Engineer: 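Take this structure, written in structure tokens, and hold onto it; I'll ask about it next.
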Number of protein chains: 2
Amino acid sequence: MDINLTITLNEKLYLRNPEESELGKRILEHSIILIERIGFEAFTFKKLAFEINTTEAGIYRYFENKQRLLLYLVDWYWSWQEYRLMQETRNVEQPKTKIMTAIRLLATRVEDDISTGHINEKLLHDIVMSEGAKSWLTKHVEADNKDKLFQPFKDLCALIAEFITAYNPRYAYPFSLSSTLIEMAHSQYYYMQHLPSLTDFGHHKDEDEIIRFLEQLVFGALDSQAKEK
Amino acid sequence: MDINLTITLNEKLYLRNPEESELGKRILEHSIILIERIGFEAFTFKKLAFEINTTEAGIYRYFENKQRLLLYLVDWYWSWQEYRLMQETRNVEQPKTKIMTAIRLLATRVEDDISTGHINEKLLHDIVMSEGAKSWLTKHVEADNKDKLFQPFKDLCALIAEFITAYNPRYAYPFSLSSTLIEMAHSQYYYMQHLPSLTDFGHHKDEDEIIRFLEQLVFGALDSQAKEK
DNA sequence: TTTAAAAGATAGTAATACTATCATTGAAAA
DNA sequence: TTTTCAATGATAGTATTACTATCTTTTAAA
């Protein structure tokens, strides 16, 4: 069986659709590798062009600038996570199980998914953790938001918020809890790796601990609310 | 009464201590104003120099680069928040009240504190929300961490973790809960302002709602744990 | 076979992120 | 009072970044 997963993103993210050409796919593939290796600040289109034996101008035909390319990658990641979550919660009855599945998918180190040829999900996961926030922490958030450039993140957030509401319809903050969960799954992992004293996962660096922390956090909030009301 | 609050920070943050000269203080004052106005990406030492009628080279005598200056400002902010929190929890007996004070201080929009002449805390609060993460999301986090450049954040995190442990000694994740609380107090506020559909604070934009969300989150986690064990 | 889009090659510009050097000032030490 | 020395100011210069423009060649469909 040869399944090929293609994720289609908002057209405003690019000048020319990178999924529709060989060069485009090489740009995606190697931008992930290069950003992961040298970091987004040091990453330039010139360096990327050198890596894939094309020219700087060639890359500018696909993406307006490196910020847009990053946003493309980040959106791709959130779309992929939402897809995975929908897959894994299909046919699941219990809202509790759905939420636990979400936590597991978000907080577990990603392995490369072979069904998406040129995208290395493992590296992309690292990029989203260490660079992802830079895609919305800008002076043009609101303009980008109007252009729906954060839609994949919002969709994922809304999906998990649905699970939350299904679990406890009286809980007052399903969206905030959902965005907190998504953000913390990534940033606690980052802290565990780089600033462990901000966590309790010390140096054994066990991601299962993050899962337990998040489960306890989420269900603590959801179950106590049920009691209080 | 003329109280003057001076916060002393890690010497590795700067080349020349900006608190010790008039020019240094003007750099701090106007970097806050300018970063808040144009954003960290567009901010340059040349533009700052123009604002305060000095030269680019003059600013480079104080800070190695703009990233270090940002880290200085962010560290200043966390030191100030820790100071405020210690002030406001002194003589408070109940751990629960201490935690609620922490939540209130972190999640309430800051007003300018006149006791610190050249620092506008209100603007600094905005900067920490929208640019703060960029100070640790770098390829040199670990080197910076070895140089203790994140100490103020860690200290604040540890202080709140103490309150948490005092409230419930059996809770397993005081540091992670503390860092989650600090981060969410800022990022839920940012979302409320710029990406409200990630929250439940819609468009009335009421920070008291964030406080209630955080209280319910934190005490939900802390109280349910007590039950389970 | 033509033709038009994509890619390659090359050049150029303004801004950024610095470093270096030398002159001037101003306040404390001699 | 003079010296002196640190801080600042003024100016220049460099490598890199972040683009834009143009012209040619390749490729793939009409």
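Every heavy atom of this structure was used, including side-chain atoms; hydrogens, water molecules and symmetry mates were not. Lettering of chains follows the sequences in order, A, B, ..., and the numbering in each one begins at 1. Nothing here was measured: the structure is a model prediction, and the numbers come from that model.
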Engineer: Is A:Glu22 touching bases, backbone alone, or none of the nucleic acid, heavy atoms closer than 4.0 Å?
Structural biologist: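 Since no nucleic acid heavy atom lies under 4.0 Å of A:Glu22, the category is nothing.
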
Engineer: By nearest heavy atom, map A:Asn65 and B:Leu23 onto DNA chain D; which one lands nearer the 5' end?
Structural biologist: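 Looking at DNA chain D, the more 5' nearest nucleotide goes with B:Leu23.
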
Engineer: Touch check for B:Arg61, heavy atoms < 4.0 angstrom, all strands: base, sugar-phosphate only, or nothing?
Structural biologist: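 Base, at least one base heavy atom under 4.0 Å.
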
Engineer: Considering every strand and a 4.0 Å limit on heavy-atom distances, what is the contact class for B:Tyr62: base, sugar-phosphate, or nothing?
Structural biologist: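 B:Tyr62: backbone/sugar contact only, no base atoms under 4.0 Å.
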
Engineer: Between B:Lys25 (NZ) and D:dT8 (C1'), how many Å, whole number?
Structural biologist: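 It works out to 17 Å between those atoms.
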
Engineer: Expressed in angstrom and rounded to an integer, what is the separation of B:Leu69 atom CG from C:dT16 atom C1'?
Structural biologist: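 For the pair B:Leu69 CG and C:dT16 C1', the rounded distance is 16 Å.
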
Engineer: Tell me: NZ of A:Lys66 to C1' of D:dC19, nearest whole Å?
Structural biologist: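 A:Lys66 atom NZ is separated from D:dC19 atom C1' by 13 Å.
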
Engineer: Report yes or no: do B:Glu19 and B:Tyr14 form a side-chain donor-acceptor pair below 3.5 Å?
Structural biologist: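 No, no side-chain donor-acceptor pair sits under 3.5 Å.
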
Engineer: Remember a base hit wins even if backbone is also touched, and classify B:Glu20 as base, sugar-phosphate or nothing at under 4.0 Å, heavy atoms.
Structural biologist: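 Here B:Glu20 touches no strand at all.
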
Engineer: Is it true that the NZ or CZ of A:Arg16 lies under 6.0 Å from the centre of A:Tyr62's six-membered ring and within 45 degrees of the ring axis?
Structural biologist: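 The answer is yes, since A:Arg16 meets both limits relative to A:Tyr62.
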
Engineer: Taking the six-membered ring of B:Phe40 as reference, does the cationic atom of B:Lys66 (NZ for Lys, CZ for Arg) lie under 6.0 Å from its centre and within 45° of its axis?
Structural biologist: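 Relative to the ring axis of B:Phe40, which defines the angle, B:Lys66 lies inside both limits.
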
Engineer: What integer distance in Å separates B:Gln67:CD from C:dT16:C1'?
Structural biologist: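 Distance check: B:Gln67 CD to C:dT16 C1' gives 12 Å.
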
Engineer: Got a sec? Which of residues 26-60 of chain A come in under 4.0 Å of DNA chain D, heavy atoms?
Structural biologist: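 Within residues 26-60 of chain A, the residues near DNA chain D are A:Thr44, A:Lys47, A:Glu56, A:Ala57, A:Tyr60.
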
Engineer: Do B:Thr199 and B:Glu209 have side-chain N/O donor and acceptor atoms under 3.5 Å apart?
Structural biologist: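 No donor-acceptor contact under 3.5 Å links the two side chains.
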
Engineer: Would you say A:Arg16 reaches C:dA5's phosphate, i.e. side-chain N/O to OP1/OP2 under 4.0 Å?
Structural biologist: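 For A:Arg16, the contact criterion (side-chain N or O under 4.0 Å from OP1 or OP2 of C:dA5) is not met.
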
Engineer: List in chain and number order the residues that pass ring-ring contact (aromatic ring centres under 6.0 Å, His included) with A:His194, two or more places apart in sequence or in another chain; answer none if no residue qualifies.
Structural biologist: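 Result, ring-ring contact (aromatic ring centres under 6.0 Å, His included) vs A:His194: A:Tyr190.
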
Engineer: Under 30°, 30 to 60°, or over 60°: which ring-plane class applies to A:Tyr191 and B:Phe153, parallel, tilted or perpendicular?
Structural biologist: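 Because their plane-to-plane angle lies in the 30° to 60° range, the rings of A:Tyr191 and B:Phe153 count as tilted.
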
